[in-house]
Amino acid sequence: MQSPDWRRWRHITKLDPDRPFTPELLEAVFTSGTDAIVVGGTTGMTRSAVSTMLRALQRAPVPVALEVSTLEAATAGQASLYFIPLVLNTNRGEWMGGHQAEALSRILPHFGPFIPWSLMVPEAYLVLNPQSAAARLTEADTALTPAQAAAYAAYAGRILRLPIVYVEYSGTFGDMELLAAVKEGAGGAHVIYGGGIATAEQAAAAGSVADTIVVGNLIYRDPGRLRETVAAVQRR
Ligand code: 1GP
């Protein structure tokens, strides 16, 4: 399968398998103009929830990627791309590599020859909203200064040469000064911003710095407004 050109995506809609969805909600996503759908979340990424979500997205007009954030999600269903997250700003080493290796140790013996390696893209996360489930789960050090965040971004982008640095404020709109520092520090890495985008202004502000923005919660609160956030970052 050919990998979709994720570097060109300006706007991603993130759908959470742990939250109920209706046909109307999916319709709002499909007609919003968003460049791609990512299935991802912190809690409830069970195999059956992820498979149900991916099945419902089979008729999506845009690429559907799966963010593999739990062991179970690693074997659920088919997507056109697989994002493999790791968390930079935690002292809990399992979020850098332990969980990923554990997943591979289970999968390799059974599916080794069939693993679509070329469809996997690692993402280096900076988890920055202390109230978020991701921050609690990973015990992330969310109190980073812009300079510290830039240093993490330089490490990920310039030394480890990871393709993506993801500035994650899930649930709240983040610090745009910190985002700018990350973009500056990350070298050639693609910078994704997600967290609290609910208006065209916020989308434009984050999108003027980040290469790609992600909208999650808004789709569950006010699906009709998703298209405003798309229009705010579309290339003209
Ligand atoms: C979550 O970055 C996304 O991973 C989006 O955050 O749900 O706050 O829009 P929101």
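Numbering of ligands and ligand atoms starts at 1, following listing order.
Counting heavy-atom neighbours within 6.0 Å of Phe21 CZ, excluding the residue itself, gives a total above 12. Around atom CD of Glu94, more than 12 heavy atoms belonging to other residues, nucleotides or ligands sit under 6.0 Å away.
The ligand atoms of ligand 1 that sit less than 4.0 angstrom from a heavy atom of Asn217 are 7 (O), 8 (O), 9 (O), 10 (P). For ligand 1, the atoms closer than 4.0 angstrom to any heavy atom of Glu168 are 1 (C), 2 (O), 3 (C), 4 (O). Below 4.0 Å from some heavy atom of Gly195 lie the following atoms of ligand 1, by number and element: 2 (O), 5 (C), 6 (O), 8 (O).
The residue from Asp211, Val182, Ile192 that alone fulfils the side chain to side chain contact (heavy atoms under 4.5 Å, CB included) condition with Val165 is Val182. The side chain to side chain contact (heavy atoms under 4.5 Å, CB included) test with Leu86 singles out one residue from Thr138, Leu162, Leu160, and that residue is Leu162.
Taking the six-membered ring for Trp and thresholds of 30 and 60 degrees, Tyr193 and Phe173 have ring planes more than 60 degrees apart, a perpendicular arrangement.
The closest heavy-atom contact to atom 8 (O) of ligand 1, among the options Gly194, Gly216, Gly171, Gly40, comes from Gly171.
Residue-to-ligand polar distances place Gly196 within reach of ligand 1: an N/O pair is separated by less than 3.5 Å. Taking only nitrogen or oxygen atoms, main chain and side chain alike, Lys14 reaches within less than 3.5 Å of ligand 1.
Within the 4.0 Å heavy-atom criterion, the part of Tyr166 lying near ligand 1 is the side chain and not the backbone.
The backbone N or O of Val64 sits less than 3.5 Å from a side-chain atom of Ser80, completing a donor-acceptor pair.
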